[in-house]
Number of protein chains: 2
Amino acid sequence: MNLKTLAQELGLSPTTVSRALNGYPEVSEATRIRVMKAAEAANYRPNTQAKRLATGRAMAIGHIIPISTRHEIVNPVFADFIAGAGEVYARRGYDMVITIVPDDQEARAYAELRSKGNVDGVLVHAPKVEDHRIAMLDHLGLPFVLHGRVSGIESSYSWVDVNNVRAFTRATNFLLDLGHRRIALINGIGNMDFARRRRRGYEQALTARGIAPDPALITEGEMTEAQGHDAAREMLQLSNPPTAFLTASLLSAMGARRGIEEAGLKMGRDISIVTHDDELGYLKNGTAEEPIFTATRSSVREAGRRCAALLIDQIESGDRTPRHELMEAVLVLGQSTGPAPTA
Amino acid sequence: MNLKTLAQELGLSPTTVSRALNGYPEVSEATRIRVMKAAEAANYRPNTQAKRLATGRAMAIGHIIPISTRHEIVNPVFADFIAGAGEVYARRGYDMVITIVPDDQEARAYAELRSKGNVDGVLVHAPKVEDHRIAMLDHLGLPFVLHGRVSGIESSYSWVDVNNVRAFTRATNFLLDLGHRRIALINGIGNMDFARRRRRGYEQALTARGIAPDPALITEGEMTEAQGHDAAREMLQLSNPPTAFLTASLLSAMGARRGIEEAGLKMGRDISIVTHDDELGYLKNGTAEEPIFTATRSSVREAGRRCAALLIDQIESGDRTPRHELMEAVLVLGQSTGPAPTA
DNA sequence: GGTCAAGTCCAAAGCGCTTTGGACATGGTG
DNA sequence: CACCATGTCCAAAGCGCTTTGGACTTGACC
């Protein structure tokens, strides 16, 4: 069933039928209703490709996911972010087009998306400390929104981010207030911008209290359970071990807890943990009423929603002035923190 | 830059340029090279929408992800599966179109995808015990491949699946051989077909050794850390507790381990665990040389690759005869299993 | 030398839609 | 009554590509 035959059946021109269905005013209400009903009855839906070609709008948003050929990690946050963004796309009539690409071909993938015209804009993930993608996308003229920021360049493009500095400053201060002085940071990969910011928040809080950050208490890594475990285990063997851990993800925190318990210590009594919690669907921090870990919490799914909404707004309005959204993490109290043990 | 102007610049007709670029034989090798070079230089790439409209092929595969409005879980396996499928799509020139949809509108979403023509086929996820999607897709005439199977109807459509029955039979036999008699199953959600199959494998193995499955030792749930923990904790408090657990995912296994340790027991010595391991990128079972958990292992990413390849093969060949691929899980030995403690 | 197949190219139609630029009727206004 | 704004519809062009159905040249073959 296509527009032409539908129009024939109705004894109307394709023009009128198209206008009736798309809500243009140049058609009488009576015929509009007649057309709508016939379209419904015939289960007619305009062909996407034809519509796209005619309008010049792809009605699709791209996500490019680089896959490292070396360490094959798929970002665990990805699924939830996608789910959030996808809700918005569906509601607003956009397709979500995901491209998996070897990480050395990422730039090329953006250029192709642009020149082939399959998308109206892209959502950009996981910014690194020095991220060349911004300049590249500006150059391509492809509308985009960044999930996160790149330190140093924050005003020339649109982004949605969590206030990571503030979240980790608060978390650190919270531990300091409980009397902890040896606080360790089990961070994400060092060249990720969000990890850099969290570290900054952590160090600022320490410094403000006159405590010099100890490099022996800072590690970076892939935010897996194993990473959390190994890092905690090693640090607890130091001659001057930490009494508290700050971890970058629930998985790391779970690993750290295991390391703590292996050392014969009890989390929340002997050693405290504050973790960041992205509120992933499959990785809950206990229940809403009873969190296991004290955590800086911010929904990555909500971030996905906001990114998508922002991008579509920009595309549809044609307004290219950058917009920013800074989400604040809440600090929720769980069972993983307590006063520093008195030596 | 479009075909027309490129043709003009070359002093050729659009026909010839199109043919040259698409590898048709009706063009001399000399002009083909000339065209290729000019296209390269002009950074020309044919407009996707136009190509799609002209050829009638969407060059895209759809994935529909239903999101339950009640429990907001995003399948943790999803990201890795997508990554695998996406590799294949990219290699073969297909887009991956993902639609997030409230679960009560899933059928509608498939119908729309079909009538709007945005995809050439779909990959169907997470089959339930009685899954109406197969009949629906057959009726729609939309090519599809199912990741998993639906017990009872296995020959009328294409699927790629792990031999779950066999995997769990082997795991159970392995524990039985170690002397375990009270073996618990911490399974996935009961109406998922894969969970049903795993249970079947488990029960078959027990029965074959003359052990009647004990309903008190079987639970079903969402495969989270908390589920594993709570289930293990409860079962260990039974008057006749299990000496071994079979879990459906690494997260459940991690939770079970926590429950075991909380009970003052040691995994691998007092209580054994065998888990299924989907080899998710962000959830490793220790290292390849030293797995933590004894596990039935099967890469969901590889399953994604195979599903994608199978679907594209079917679409491009036009051959609609169903094809099946059954993947065998390997049983890897970790540190979580040992002989049953002698009472 | 005439015929025919093969090689090389092109004009034009068509994919299914949107959109421009009228055409025609109607009714209100001076 | 002439004029014009308004409402309602349509024909046709166009989006950028593919593909059908030739046209023309060349060289082999009888």
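Below, read A as the first sequence line, B as the second, and so on, with proteins coming before strands; counting in each chain starts at 1.
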Please identify which of these residues, A/Asp193, A/Asp161, A/Asp131, meets the side chain to side chain donor-acceptor pair (under 3.5 Å) condition with A/Arg149. A/Asp161
Once you measure the plane-to-plane angle for B/His125 and B/His63, does it fall in the parallel (<30°), tilted (30-60°) or perpendicular (>60°) bin?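 The arrangement is tilted - the two ring planes meet at 30° to 60°.
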For A/Ala90, check side-chain contact (heavy atoms from CB on, under 4.5 Å) against everything at least two apart and list the hits.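 Counting only residues at least two positions away or on another chain, A/Ala90 forms no side-chain contact (heavy atoms from CB on, under 4.5 Å).
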So does B/Glu87 pair up with B/Arg305, basic N to acidic O under 4.0 Å?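 Judged by the 4.0 Å cut-off on N to carboxylate O distance, B/Glu87 and B/Arg305 do form a salt bridge.
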Give me the first and last nucleotide of DNA chain D, going 5' to 3', that has any atom under 4.0 Å from a heavy atom of chain A. D/dT8 to D/dG16
Could I get the full list of ring-ring contact (aromatic ring centres under 6.0 Å, His included) partners for B/His147, not counting sequence neighbours?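 Only B/Phe81 meet the ring-ring contact (aromatic ring centres under 6.0 Å, His included) criterion with B/His147.
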Counting the atoms with a prime plus P, OP1 and OP2 as sugar-phosphate, which does [X] contact under 4.0 Å by heavy atoms, base, sugar-phosphate, or nothing?
X: B/Gly11; answer: sugar-phosphate
X: B/Arg52; answer: nothing
X: A/Thr15; answer: base

To the nearest 10°, give me the bend of the helix from C/dG1-D/dC30 to C/dG30-D/dC1, comparing the axes of its five terminal pairs at either end. 60°
I need the full list of salt bridge (Lys or Arg N to Asp or Glu O under 4.0 Å) pairs touching residues 116-125 of chain B, with sequence neighbours left out, sorted by first then second residue. B/Arg57-B/Asp120, B/Glu112-B/Lys116
Just to be sure I understand the geometry, which residues of residues 23-35 of chain A put a non-hydrogen atom under 4.0 Å away from DNA chain D?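 Heavy-atom cutoff 4.0 Å gives A/Glu26, A/Val27, A/Ser28, A/Thr31.
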Nearest-nucleotide comparison on DNA chain C, the residue closer to the 5′ end among B/Ala54 and A/Thr55: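 Nearest-nucleotide comparison on DNA chain C picks B/Ala54.
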